[in-house]
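Reading through the structure tokens given below for one structure.
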Amino acid sequence: MPVQPIAELIRFARHNSPFYRELYADLADHVTCLTDLPVVPQTDFWRANTPRDNRLLTAPLDEAVVFRSGGTTGSPKFSYYTRTEWREFTTAFGAGLVHAGLRPGHRVADLFYAGDLYASFTFVLDSLHRSPVANVRLPIGGATPWESTAATLEEFRVQAVAGTPTTLCSLAARLADAGRTLPDVELLLFGGECLFGDQLPLLQKAFPNAEPRSLGYASVDAGLLGEAVPGGDPRVHRAFTPHTVVEILCDETDEPVDGNGVPGRLVVTDLRRRLMPVLRYPAGDRAEWVDREAGVFRILGRAEEGVRVGPVSLHTEDVHGIVTAADTRGEVMALQLVVRRRDGRDGLVLRLAVADPGKPPAALGESVVATVLAERPFYAGATASGHVNPLGVEWVQHQDLAVNSRSGKLIRVVDERPHT
């Protein structure tokens with residue numbers, strides 16, 4: 001499907017999607033500019049995007065592939081692609097793999113996770129399949145025992161290994177403990193979460209000749225976001241023009257940021273998807289332009305809409321709902337999600353504001369933690385595997401919560417991890 005003119009895409013979404021029809025009800029009949037559209041409110045977007053009685057999709061669900069994006073088991077979030085859209089998605093991303101370092105003849109191991117409607121394994125495998133350079137694909141997966149994975153990598157003298165930083169570091173730790181290295185690996189293609197500096201020595205020990213590189217920047221809900229840019233900073237990506245339009249919006253005004261080096265939240269418009277339109281959709285990350293004219297930007301970490309803790313994704317609205325349900329006496333005045341890094345692992349702390357933090361309602365803290373872990377069992381599993389630190393609770397007064405220095409608004413997600 002060719003790239004659609006913005007005016008036509010807006011017209012199509014308004015005519016065929018009840019959600020977009022309601023969202024744009026107060027706009028002029030003929031809209032030609034993206035900045036005339038409101039940013040998609042994520043809570044309403046996902047509330048409309050249900051398997052039954054869906055109000056977001058533009059057609060009946062007769063032909064599509066379905067994936068699960070972030071969210072708790074109590075409110076899963078699904079994304080839909082027609083076969084044409086999925087083919088174009090993976091073809092464009094596959095072309096970007098060349099900029100990530102993929103070379104003709106590379107033997108590539110896919111260590112991303114499969115099953116339970118997760119997209120990453122299938123997405124990477126299909127992107128490699130449709131890449132413009134020949135390559136040998138080894139679909140190992142992220143749940144294979146490390147001994148088997150290591151044996152396959154050695155037998156085929158694999159040159160590129162693709163996976164989340166958590167998976168790559170877990171394999172590296174096993175190799176290091178066994179006194180083994182994989183010197184044939186040239187590229188560690190990571191995606192799905194940030195790679196931190198304190199992880200590099202471990203990766204270097206197990207893969208002495210490998211360079212960590214971003215696989216590219218995409219998500220199953222937002223779609224194409226950015227292709228890797230060669231250079232020293234793996235956070236830097238280039239927008240997938242003409243497939244998508246990336247905007248960075250000012251925190252205070254929601255107006256597009258034109259200058260370089262000004263942080264804001266990243267939103268994306270996909271000019272090819274029609275079944276599940278994506279128009280000014282918040283990608284969940286903060287970013288800044290490195291070269292606005294060239295479409296090059298740097299990812300700065302997660303925005304308010306969601307948080308990534310190691311391999312685990314959580315949506316702030318889901319966590320807020322859990323806390324509200326557990327807080328039957330109304331003791332919590334406000335909540336922040338705080339991401340910290342200790343002992344080489346990410347961890348999430350729920351910062352709860354109460355009247356007297358010196359006498360915290362311990363039972364409430366235990367109930368909140370237990371409910372979050374029950375609703376998001378992947379976090380409990382990642383903790384048991386040593387991939388993330390245990391979920392914690394921090395009691396504070398309301399004035400101790402972090403706020404925006406200019407507006408005084410509460411910052412919902414505080415990322416205290418080092419990003420340099």
Check the angle between the aromatic planes of Phe123 and Phe93 and answer parallel, tilted or perpendicular using the 30° and 60° thresholds.
tilted
Parallel, tilted or perpendicular: which fits the ring planes of Tyr113 and Phe378, with parallel below 30° and perpendicular above 60°?
perpendicular
Is it true that the side chains of Asp346 and Asn389 contain a donor and an acceptor less than 3.5 Å apart?
-> no
Hits for salt bridge (charged side-chain N to carboxylate O under 4.0 Å, His left out) against Arg137, two or more places apart or cross-chain, chain-then-number order -> none
Output for pair (Arg308 CZ, Leu314 CG), nearest 0.5 Å, gives 10.0 Å
Next on the checklist: Under 3.5 Å, is there a donor on one side chain and an acceptor on the other for Thr90 and Arg130?
Outcome noted: yes
Point to revise | Between Gln4 and Arg274: side-chain donor-acceptor atoms closer than 3.5 Å | key: yes
_Parallel, tilted or perpendicular: rings of Tyr24 and Tyr20 (30°, 60°)_ = tilted
query = According to the interplanar angle, ranging from 0 to 90°, do the rings of Trp289 and Phe297 count as parallel (below 30°), tilted (30 to 60°) or perpendicular (above 60°)?
reply = perpendicular
Contacts of Asp270 meeting side chain to side chain donor-acceptor pair (under 3.5 Å) (sequence neighbours excluded), chain-then-number -> none
Quiz prompt | Donor-acceptor side-chain pairing of His243 and Glu88 below 3.5 angstrom | solution = no
query: Cation-pi between Arg273 and Tyr81: NZ/CZ under 6.0 Å from ring centre and within 45° of the ring axis?
result: yes
